[in-house]
Structures are given as C-alpha cells and as structure tokens.
Amino acid sequence: MNKKYEAVIGLEVHAQLLTDTKIFCGCSTKFGNEPNTNVCPICLGHPGVLPVLNKKVVEFALLMGVATTSKINTTSIFARKNYFYPDLPKGYQISQYEKPICEFGTVEIEKKDGTKKNIGITRIHMEEDAGKSIHDRGETTSIDVNRCGVPLLEIVSEPDMRSAEEAYLYLAKIKQLVQYLEICDGNMEEGSLRCDANISVRPIGQKEFGTKAEIKNMNSFKNVERAINYEIKRQIELIEDGGKVIQQTLLWDADANEAHPMRSKEEAHDYRYFPDPDLVPVEINVEWFDELKAKVPELPDAKRERFISAFHLPVYDAEVLTQSKELANYFEQVANVTNDYKAASNWVMVEVLKVLNEQKINIETFAVTPQNLGGLINLIQQGTISGKIAKDVFAEMLETKQTAEAIVKEKNLVQISDTSEIEKVIQLIFDANENQVKEFLDGKEKVFGFFVGQTMKATKGKANPQVVNELLKKKFESLKQ
Ligand code: ADP
Ligand code: ZN
Ligand code: MG
C-alpha cells in the first residue's frame with residue numbers, strides 16, 4: 001500500500017440464525033426445500049396479517065450481545081425499511097433502526113505480530129431476510145421466496161479497522177463467536193454469514209475520514225481480503241490521479257478479481273424507516289435475561305487462556321485447538337485420557353486436522369474417537385511403540401476404528417527395546433555389509449544413517465530408534481579399537 005495513505009474499514013455482517021422457524025411466522029427455515037414452499041401469508045406480506053416475533057431470535061441476539069460485551073437495550077423497536085425489489089414481496093423489510101437490541105460492543109483481535117486491538121461494534125440488530133432472485137435459468141429470472149422472513153442478526157462495526165488483515169481477523173472472530181454460541185453455522189460459501197465492507201482511505205495524519213465505498217457479494221474470507229485490498233488500491237490511485245471517491249455500492253466479481261459499481265449509495269431517508277405498527281416494542285425481562293446469560297458457553301478467548309494455563313500449551317497450539325468449540329472439546333477428551341498434553345496437541349493439530357482437510361469432514365464425524373487417540377499416545381509415552389509405528393497404527397485406526405492396543409497386539413507391533421535382540425540384528429547387518437562398515441571406519445560418517453535404516457528395516461520398524469543408535473555407536477567404537 002502507498003505509504004502516504006491509511007485505509008479505514010467498517011464491516012456490516014449478516015448472520016443467518018439457526019432457528020427452526022422464521023422470525024415472524026411458523027414457516028420452516030430449512031434450506032434447499034422446493035422453491036416457494038416454505039411460505040405463508042405472513043412472510044409473503046399479504047394484507048391484514050400480523051407478524052409474531054420468534055422468541056428464539058431475541059435469545060440469539062442477546063447471546064451475541066453478551067459475547068461482544070454490548071450494552072443490551074431493555075426496550076428495542078422494529079422498523080420497516082421500505083424499498084422495492086422483486087424478491088421482497090412486502091415492499092419492505094422488517095428491521096431495527098433507531099433502537100436496536102444491542103449497542104456499543106467490542107471484540108478483540110490479535111494480529112500476526114502478536115499485537116492486540118479492540119474493534120468496536122456499533123450495533124447488533126434483528127431483521128428478516130429477503131427472498132432470492134435466480135438469474136441462471138435461461139432468459140427469465142425466477143424468484144424463490146423461501147428465504148423471506150428467515151431471521152438475521154446484523155452486526156455493524158465501527159470504522160476501526162485499518163487493513164484487510166484486521167478486517168479478516170475481525171470477521172473470523174465474529175464467525176467464531178456465532179459458532180461457539182451455536183446461533184449461526186458461519187458458512188460464508190453458503191451465504192449464512194455475509195459481509196459487506198465499507199472502505200475509505202485518507203492521507204496519514206488526516207483526522208477526517210474519506211468518502212467510503214461499500215463492497216458486497218464476497219462469499220469467502222479470501223474474497224473479503226482480496227476485495228478490500230482491491231478497493232484500497234483503487235481509491236488511492238484515483239486520488240493520486242486527481243480524482244474523487246464517490247459514495248457508491250460495488251459488487252465483487254471473484255472471477256475477474258475486481259469490483260463493479262452496482263448503484264450509487266442510497267441514504268437512510270430513501271428507505272423511509274418508521275416503527276412497524278404491527279409489532280410492539282421488544283421488552284427484555286431481566287430474570288429471563290439472567291437465565292440466558294448463565295447459558296453463555298465458555299467463549300474462545302477464555303478457552304484459549306485456559307488451554308494455555310491448564311495444559312501448558314504454547315499460545316499457537318491453544319489458538320489452533322480453540323478455533324472451533326468441537327475441536328476444543330475433542331482435544332479436551334484426548335487430554336482426559338493421556339497426560340502428555342503437548343503430544344495430544346501435536347496429534348490433533350497435525351494428524352487429525354490433516355485428515356479432516358483431506359476428507360473434507362468435521363471433527364464430529366472423525367473416525368478415531370478421542371479416547372482411542374489418547375490410548376495411542378499413551379502407548380508411545382510408555383515406549384510400547386515408536387512414534388513412527390504410531391503413524392501406521394493411526395492410519396489403521398482410521399480404517400478399522402479399533403483401539404491402538406488391539407491393533408498393536410494383532411499386528412505384533414510392540415517396540416523392541418531388548419538390547420540383545422537388536423544386537424543380534426546389528427551383527428547380521430554388519431556381516432552382510434562389510435564395505436559400508438569399512439567406509440565408516442575410514443571416516444565416512446554419513447554411512448551411519450545407512451546402518452540405522454537397515455536395522456529399522458530388518459526389525460520392520462519395531463526397534464526402538466534410540467536404542468538402535470546407541471548400540472550402533474557402541475559397536476563401531478568397539479571396532480575402532
Ligand atoms: P450508511 O449510512 O452509509 O449505512 P453508516 O454510518 O451506517 O453508513 O456505516 C455503515 C458502515 O460503514 C459501518 O460499519 C461503519 O463503521 C462504516 N463506515 C462509516 N463511515 C466510514 C468511512 N468513512 N470509511 C469506512 N467505513 C466507514
Ligand atoms: Zn411464513
Ligand atoms: Mg447504515
């Protein structure tokens with residue numbers, strides 16, 4: 001980035017809530033049903049019908065408010081946001097405007113260089129989603145209104161971010177929080193977590209913000225990062241060329257790696273917001289809220305700190321293991337079985353995550369139970385099997401779901417630490433490789449590795465590598481004399 005400028009970024013994140021039914025009616029929120037079947041007169045906005053607020057939506061909004069240390073407004077108001085769009089049959093969206101349910105929150109991000117930063121959350125409000133226009137069915141556009149009335153939380157940040165990296169980390173934090181709270185699945189590719197980025201640039205040292213542009217339609221973390229960097233560069237170049245940034249909405253085109261103008265930005269007054277006359281203000285009962293607060297699970301930051309102190313793990317390990325609540329739970333169950341926490345962490349971070357990536361599955365469907373993985377780690381710790389054999393046993397466990405103990409017994413994989421047995425093998429190898437023995441004695445030390453390899457091969461990898469090394473050294477010493 002041009003060193004004379006600084007970027008200013010604020011994100012508007014929409015999280016689709018994991019409720020069974022819509023926000024103001026009993027229709028199903030199930031994804032992928034036959035188009036236009038999850039509908040009723042209420043979510044279609046027929047005249048004379050009355051919306052009834054889904055209590056779960058309020059509950060989820062409050063959980064997010066607590067997780068972001070927001071101020072909870074005990075009274076909040078639904079408003080109509082009026083605009084025409086083919087996938088919005090009512091002609092307005094029910095949202096919150098002047099009095100949202102939560103305000104003034106923060107989340108902490110930690111940058112690659114270890115510095116921490118608080119990002120402010122302006123507001124969190126509840127609203128309904130619109131339907132979908134489907135343009136890829138030939139000449140005509142089709143409308144699917146199943147999504148009309150599906151509940152969303154809109155989380156609006158302060159313009160506190162100064163780089164694409166910060167925006168990425170903030171978004172990752174939001175995703176992690178909604179997943180820990182189990183209020184949204186956080187899937188950007190499927191659109192259940194959406195992000196619009198507001199971006200401006202200003203000369204370093206200038207206090208006032210520059211004019212912002214808004215980019216929509218980024219359906220992955222990678223695209224959010226790319227789009228922001230693209231837009232920062234575009235604005236700086238524009239200003240450097242003597243031009244002016246205009247306030248507009250751009251659509252990110254992931255294939256072309258560019259953003260294209262969609263429309264000039266509408267102002268709040270274009271929407272003619274007014275309190276929805278069909279809905280009473282939302283009043284939060286204090287006792288109910290207290291009950292709810294008690295249900296807030298241990299959140300990622302707290303879990304990470306606990307992993308560091310309780311299991312003596314490096315910060316990096318704790319960070320990776322607490323990425324998702326399910327992975328953290330898995331690790332904790334492994335750590336219940338073995339007390340070699342660092343080994344447990346390594347196995348989960350390296351071997352387990354590798355399989356999850358390869359098989360594109362979640363930890364919930366992973367074949368090796370945490371108890372069995374803990375059992376495997378114990379066998380290594382006790383010296384029953386070597387680390388190398390353990391990899392093979394692990395592969396077998398993935399296939400057969402058997403315990404490590406059963407596999408080691410069945411395949412006779414117990415590590416050989418008995419020195420006399422290994423000495424016998426070494427003697428045979430020395431007899432068969434006189435030339436290499438001579439080479440070593442003549443000073444070609446690299447040949448040592450050859451003897452280690454041969455011994456391991458002869459014992460089918462079962463010899464204790466440490467013992468093999470010691471015995472080989474001893475043997476060569478005796479030959480030198
Ligand atoms: P609008 O009225 O255009 O919707 P808001 O003031 O509601 O704008 O802010 C929308 C989002 O844009 C927020 O996330 C906010 O932090 C961010 N934002 C506001 N001003 C700027 C700016 N000058 N540069 C970058 N982001 C901004
Ligand atoms: Zn309905
Ligand atoms: Mg706004």
Side-chain angles (χ1 to χ4, degrees), residues 5-14 19-30 33 36-46 49-54 57 81 83 89-90 94-98 100 103-107 118-125 127-131 144-151 154-164 166-167 170-171 174 194-203 206-216 224 227-228 231-232 235-236 239 244-250 262-271 273:
Y5 294 89
E6 168 180 71
V8 172
I9 303 157
L11 298 187
E12 292 164 287
V13 176
H14 286 90
T19 55
D20 295 331
T21 55
K22 293 186 178 180
I23 182 168
F24 298 119
C25 63
C27 290
S28 166
T29 53
K30 196 156 172 272
N33 279 3
N36 305 313
T37 55
N38 293 353
V39 290
C40 73
I42 295 174
C43 52
L44 289 173
H46 286 192
V49 296
L50 285 175
V52 176
L53 179 59
N54 182 342
V57 174
K81 180 179 181 179
Y83 63 95
K90 288 212 292 275
I94 304 179
S95 181
Q96 294 195 299
Y97 184 55
E98 273 165 326
E103 289 177 285
F104 315 119
T106 42
V107 298
N118 279 334
I119 307 296
I121 289 179
T122 315
R123 53 189 281 139
I124 299 174
H125 68 247
E127 63 182 26
E128 59 178 344
D129 209 344
D144 176 6
V145 291
N146 279 353
R147 210 176 60 181
C148 283
V150 167
E154 178 169 343
I155 304 150
V156 182
S157 86
E158 287 290 297
D160 283 348
M161 289 153 272
R162 296 289 173 269
S163 64
E166 289 184 11
Y170 167 81
L171 187 60
I174 295 291
R194 290 167 243 160
C195 168
D196 304 334
N198 297 269
I199 301 152
S200 63
V201 298
R202 62 180 171 188
Q206 177 182 306
K207 263 205 133 120
E208 302 78 41
F209 290 151
T211 304
K212 69 175 156 72
E214 181 176 1
I215 306 197
K216 289 180 178 288
V224 170
I228 291 174
E231 182 58 15
I232 294 172
Q235 291 186 12
I236 292 174
I239 295 168
K244 258 194 160 147
V245 175
I246 53 164
Q247 185 152 335
Q248 62 178 339
T249 303
L250 302 152
M262 178 166 89
R263 54 171 186 247
S264 68
K265 173 85 188 173
E266 55 292 282
E267 303 283 340
H269 63 246
D270 294 331
Y271 291 122
Y273 279 100

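All values below come from the heavy atoms of this structure, side chains included, with hydrogens, waters and symmetry mates left out. In this text the structure is predicted, and so the values were computed from the model without any measurement. Both counts, for ligands and for their atoms, begin at 1 and track the order of listing.
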(message) Would you call the rings of Y97 and Y273 parallel, tilted or perpendicular, taking 30° and 60° as the class edges?
(response)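 Y97 and Y273: parallel rings.
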(message) Side chain or backbone, does P159 bring an N or O within less than 3.5 Å of an N or O on ligand 1?
(response)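 There is such a contact, yes.
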(request) Search all heavy atoms of K22 against all heavy atoms of S28 and return the closest pair with its distance. (result)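 Looking at all heavy atoms of both residues, the closest pair is CE-O, 3.7 Å.
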Using only atom types and a distance under 3.5 Å, with no angle test, would you say the side chain of [X] pairs donor to acceptor with the backbone of [Y]?
| X | Y | value |
| --- | --- | --- |
| N38 | T29 | no |
| Q96 | H125 | no |
| T249 | M262 | no |
| N198 | E214 | no |

Looking only at non-hydrogen atoms, which of [options] approaches [atom] most closely?
| atom | options | result |
| --- | --- | --- |
| atom 14 (O) of ligand 1 | S157, A213, G120, S200 | S157 |
| atom 17 (C) of ligand 1 | I199, N198, T249 | N198 |
| atom 3 (O) of ligand 1 | M161, K212, E208, E214 | K212 |

Under 4.0 Å from a heavy atom of [X]: which atoms of ligand 1 are those, numbered in the order shown and with their elements?
| X | value |
| --- | --- |
| V8 | 24 (N), 25 (C) |
| F209 | 23 (N) |
| G210 | 23 (N) |

For [X], which part has a heavy atom under 4.0 Å from ligand 1: side chain, backbone, both, or neither?
| X | answer |
| --- | --- |
| E158 | backbone |
| V156 | side chain |
| T122 | neither |

(message) Quick check for you: with the Zn ion (ligand 2) as the vertex, what angle do SG of C27 and SG of C25 span, to 10°?
(response)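 Seen from the Zn ion (ligand 2), SG and SG are separated by roughly 110°.
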(request) Using a strict 4.0 Å threshold on nitrogen-to-oxygen distance, state whether R123 and E103 make a salt bridge. (result)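 No, this pair does not count.
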(message) I need the R194 CZ to H14 NE2 distance, nearest 0.5 Å.
(response)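 One finds 7.0 Å between CZ of R194 and NE2 of H14.
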